[in-house]
Every structure is written in structure tokens, then in C-alpha cells.
Amino acid sequence: MRKPIIAGNWKMYKTIAEALEFVQAFRPLVVASTHCEIVIAPPFTAIKSVAARLDGSNIDIAAQDVAAEPGPGAFTGEVSASMIKDAGARWTIIGHSERRQFYGETDDSVNARIRAALVAGLSPILCVGERLEDRDAGRAEEVVEAQLSAGMRNLTASEASRIIIAYEPVWAIGTGRTATPETAQQMHAFIRSGIRRMFGEGVAEETRLLYGGSVKPDNIATLMSQPDIDGALVGGASLEAGSFASIVNYKEKR
Ligand code: 13P
């Protein structure tokens, strides 16, 4: 059984004070939530404070990106995987579409970041997803397949088994336009078959596939009822404690 993961990506939101205020309100709302793993990805500046406050809780911390170089070294502005771990995070998002779109992230740099994260003992959340023009041109699967195989290139099956994949169609991010559960399920099944081809049945069955893109309290249950959707990566709706807690505490509708 794959244990679901509900992860919140705060993007470039929240000062340290705001992050701690969130945590204070959020923690009691999910204290009994053992059905899933709960992860929050604050901005780098708030990781240490949030991690310290959540020590011993059922909420884990992720970074939103990680340097491709293991370091230490002369890489101004970069934050290494071991620094992220040192600050108290256990996970890191890699290859988010906003990094690909606005900051020149490529499949090669994604692959390097995944390696750096794995070496340091962080769990990578690898983001893939097509743009609207790809989908309209009937190339959604081709694009996702290319991101997946290049991002996971030259990994062993045991390394691959430590990776979580987030399918985030670019046209659904921050737009209020969620992929239908059927569209998301179809792509998740496709991704799982790609993992099966690359790393075998065992890894494919174990790998958790998260959906991201306008996930809200009112659509999480239907998304989670799909057989290949094992969790969610939530942007906007993870910024407010009550709304993120209702996503965490979804009840599957079968
Ligand atoms: P929204 O939930 O705001 O659409 O963002 C999704 C996302 O990009 C999570 O990484």
C-alpha cells in the first residue's frame, strides 16, 4: 500500500513570523491525521524556524529547490542539499514548472539536482507536467515522458524508489482550472507505466504519484479516489491553515 502524501508548496510566500503563525494554527488541525504523510515547503528563509517548531510532530519539511552541486563551493546564491538537511528539511521539490519556465531549469539540471538530493539523504519530489500548447497539440504524454526519463536518467532502481513524482500540468497551476480526475488519473497511469519500464514492477508499484494544479478542499476527495493518485502538491490552498487542513483531512469518495 502506498501511503498518501499531502504536500504544500508555499512558493515565495510567508515571512518567518507568518510561517510560524500558520504552523500554530495548522498543527492541532492535523494532529490525528495518520492516514497520510504531511509535508510543507516553506521558502528557504523559514525552513529552520518551521522545522524547529514542528520537531516531533507528524509534519515534515521540504525545500522548494536544491543546488545541483553537492558543495560546499563557490556557487553564489545556491543552497546545497546538505544545508537544507541541516536546516531541518527531509524533502525537496525539484523541477517545478515555475523553475523550468522562469529560471532556465532543464531536464539535465533536474537530473543533477536529484542526484545531489539523494546523496545528501533528501527525498526528491520531481515535478513534471505539460503546457497547454503541448496538450492542445496532443503531445502531453510525450512531454511528460521526456521529462521523466531525462530527470531520472542513470538512476538505479533503489535510487528511483526514493523519488516521489508530482504531475502538475502547467495549465492547471494557479488558474483554478483543475485537471479532471479522469485526465489526472490517465496521466498518472501513464507515468507509472513509464517507471515500470525504466525500473521494474516493484518500483512502479511503490512510487507515490502526486497531483498538483488548483487542488482545493472541494476537489481533493475525488482526485484521491483515483487508483494512481497517491497524494497532492498544493500551492495556493496550502497558504491558509484551515484550507490546507481540510485538504489533508479529505475523505475519499469511492
Ligand atoms: P496551485 O495549487 O496554486 O495551483 O499550485 C500548484 C503548484 O504549483 C504546487 O507546486
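It should be emphasised that the depicted structure is a prediction, and the values quoted were computed from it without experimental measurement. Order of listing sets the numbers, starting from 1, for every ligand and every atom in it.
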Got a list of side-chain donor-acceptor pairs under 3.5 Å for residues 104-120, not counting sequence neighbours?
residue, atom, partner, partner atom, Å
E105, OE1, S109, OG, 2.4
E105, OE1, R113, NE, 2.8
E105, OE1, R113, NH2, 3.2
E105, OE2, R113, NE, 3.0
T106, OG1, D108, N, 3.4
T106, OG1, S109, N, 3.1
T106, OG1, S109, OG, 3.3
D107, OD1, R100, NH1, 2.8
D108, OD1, R153, NH1, 3.3
D108, OD1, R153, NH2, 3.2
S109, OG, T106, N, 2.9
S109, OG, T106, O, 3.0
N111, ND2, G151, O, 2.8
N111, ND2, R153, O, 3.0
R113, NH1, V66, O, 2.9
R115, NH2, R153, O, 3.1
R115, NH2, N154, O, 2.9

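- Between the side chain of E18 and the backbone N or O of T15 there is at least one donor-acceptor pair closer than 3.5 Å.
- Of all protein heavy atoms, the one lying nearest to atom 2 (O) of ligand 1 is G235 N, 2.9 Å.
- At a 4.0 Å cut-off, not a single heavy atom of A237 sits close enough to ligand 1 to count as contact.
- The closest approach between a heavy atom of G212 and any atom of ligand 1 is not below 4.0 Å.
- Counting only heavy atoms of the protein, atom 4 (O) of ligand 1 lies nearest to G174 N, 2.6 Å.
- Atom 3 (O) of ligand 1 has as its closest protein heavy atom G236 N, 2.8 Å.
- Among pairs with a residue in residues 87-134, none fulfils ring-ring contact (aromatic ring centres under 6.0 Å, His included), at least two apart in sequence or across chains.
- Judged purely by atom type and a 3.5 angstrom limit, S214 has no side-chain atom pairing as donor or acceptor with the backbone of T178.
- Short contacts between ligand 1 and L233, defined as distances under 4.0 Å to a heavy atom of the residue, involve ligand atoms 9 (C), 10 (O).
- Side-chain contact check for M152 versus E159: every heavy-atom pair is 4.5 Å or farther apart.
- In this structure, the side chains of Y211 and P169 come closer than 4.5 Å at one or more pairs of heavy atoms.
- Distances from ligand 1 to the non-hydrogen atoms of C127 include no value under 4.0 Å.
- Residue N9 approaches ligand 1 through these ligand atoms, each under 4.0 Å from one of its heavy atoms: 9 (C), 10 (O).
- Between V39 and I61, the closest side-chain pair of non-hydrogen atoms is not below 4.5 Å.
- In terms of protein heavy-atom proximity, atom 5 (O) of ligand 1 is closest to K11 NZ, 3.3 Å.
- For a threshold of 3.5 Å applied to N or O pairs, the pair formed by T175 and ligand 1 contains no separation below that value.
- In terms of protein heavy atoms, atom 9 (C) of ligand 1 is closest to E168 OE2, 2.9 Å.
- Using cut-offs of 30° and 60° for the angle between ring planes, the F26 and F244 rings count as parallel.
- K216 does not count as a contact of ligand 1, since none of its heavy atoms falls under 4.0 Å from the ligand.
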